[in-house]
Amino acid sequence: MRKKIIAGNWKMNKTPLEAVTFAKDLKAKLSGSSGPAGGSVPAGSSGPTGGSGPEVVFCVPFVSLIPVIEALEGSNIAVGAQNMHAEDSGAFTGEISAEMLTSIGVSHVIIGHSERREYFAETDASVNKKVLKAIAAGLAPIVCVGETLTQREQGITIDLVRMQVRIALGGVPASDARGLVIAYEPIWAIGTGRAATKDDAQEVCRAIRQIVRELYDEETAQALRVQYGGSVNAKNAAELFNMPDIDGGLVGGASIKPEFESIVKGA
Ligand code: 13P
């Protein structure tokens with residue numbers, strides 16, 4: 001049984017002070033509702049050190065990482081970055097390395113979000129480099145894939161997503177692929193209030209698991225977690241996350257609102 005994973009992508013929102021206030025509030029409200037990262041949870045355990053709920057991750061802006069990690073100490077809520085550079089160090093002005101992230105206690109990193117692909121020229125090839133580096137550094141990547149509205153209308157969604165996954169996972173051994181999270185985020189559903197239907201989301205998430213099965217084996221396909229993202233809210237989260245191949249969500253707008261509590265509790 002795969003553990004659900006609900007990640008909040010805060011995007012470019014909240015100052016560090018606002019981030020800490022929000023994180024502390026959610027920490028109190030979710031105490032006992034979030035489970036530790038991955039793996040199994042001892043039966044009957046609950047409370048801030050052993051919740052049996054989903055794995056919860058706050059992916060916050062770089063400047064808020066340290067204060068939010070400190071604010072969430074003693075909880076099961078993990079903290080992730082929204083991007084990283086593929087090189088270890090060097091003349092890359094404005095960039096952040098994987099080691100910088102792990103050194104402060106960051107456990108997850110979003111890689112290849114469609115906004116980074118669109119506005120910062122990220123490609124499947126650069127996503128692959130980052131995935132390999134994140135794994136080598138001990139970060140858990142949340143790899144984003146998804147189609148535009150035009151691509152959906154052209155009927156190429158599944159082919160496109162299969163290609164994105166195949167390139168992103170190039171050179172990743174099965175043992176590491178099992179720990180990966182792939183977030184299926186149809187671009188037309190992001191920030192539009194128009195989420196995919198549970199059946200459309202399930203169809204693509206199932207296809208993602210199928211390509212993982214073809215690239216690796218059944219065990220890897222069953223272990224790897226696939227999230228849905230795009231206008232997830234407190235009303236639609238539970239029905240999306242209950243689909244057989246959807247193991248939770250990558251939540252944008254609703255992750256920085258109090259309704260994130262219901263989204264996590266619904267899972
Ligand atoms: P929204 O939930 O605001 O649609 O954003 C989804 C997203 O891009 C998460 O990464």
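The shown structure was predicted, so the numbers you read here are calculated from the model rather than taken from an experiment. Every number for a ligand or one of its atoms is a count from 1 in the order of the listing. All heavy atoms count here, side chains included; hydrogens, waters and symmetry mates do not.
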Subject >> Residue pair Tyr228, Asp247: steps toward the side-chain contact (heavy atoms from CB on, under 4.5 Å) verdict >> reply: CA-CA 8 Å; Tyr228 167 78; Asp247 306 312; over 6 Å; no
Below 4.0 Å from any atom of ligand 1, is there a heavy atom belonging to [X]?
X	answer
Ala189	yes
Ser231	yes
Gly230	yes

Test of proximity, [X] against ligand 1: N or O pairs below 3.5 Å:
X	value
Gly252	yes
Leu250	no
Thr192	no

**OP:** Could you name the option among Glu185, Gln227, Arg194 that has the heavy atom nearest to atom 6 (C) of ligand 1?
**Re:** Glu185
**OP:** Could you walk me through whether Gln151 and Thr148 pass the side-chain hydrogen bond (donor to acceptor under 3.5 Å, both in side chains) test, one step at a time?
**Re:** CA-CA 5 Å; Gln151 289 163 334; Thr148 62; 3.2 Å; yes
Using a 4.0 Å cut-off to any heavy atom of [X], which atoms of ligand 1 qualify?
X	answer
Asn9	9 (C), 10 (O)
Gly253	1 (P), 2 (O), 3 (O)
Lys11	5 (O), 6 (C), 7 (C), 8 (O)

Original post:
Where do Lys11 and Gly252 come nearest, in terms of heavy atoms and distance?
Top reply: CE-CA, 4.4 Å
Original post:
In the hydrophobic clustering that connects Ile, Leu, Val, Met, Phe, Trp and Tyr at side-chain heavy-atom distances below 4.5 Å, which members other than Met163 occupy its cluster, ordered by chain and number?
Top reply: Leu160, Ile167
**OP:** Any pair with a residue in residues 128-146 that passes side chain to side chain donor-acceptor pair (under 3.5 Å), sequence neighbours left out, goes on the list, sorted by first then second residue, please.
**Re:**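 Only Asn83-Lys130, Asp88-Lys133, Glu122-Lys130 qualify under side chain to side chain donor-acceptor pair (under 3.5 Å).
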Original post:
Is it true that the side chains of Glu55 and His108 contain a donor and an acceptor less than 3.5 Å apart?
Top reply: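 Their side chains do contain a donor-acceptor pair, which is all the 3.5 Å distance test asks for.
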Original post:
Taking the six-membered ring of Phe241 as reference, does the NZ or CZ atom of Lys4 fall below 6.0 Å from its centre and within a 45° cone about the axis?
Top reply: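 The answer is no; the distance or angle limit is not met.
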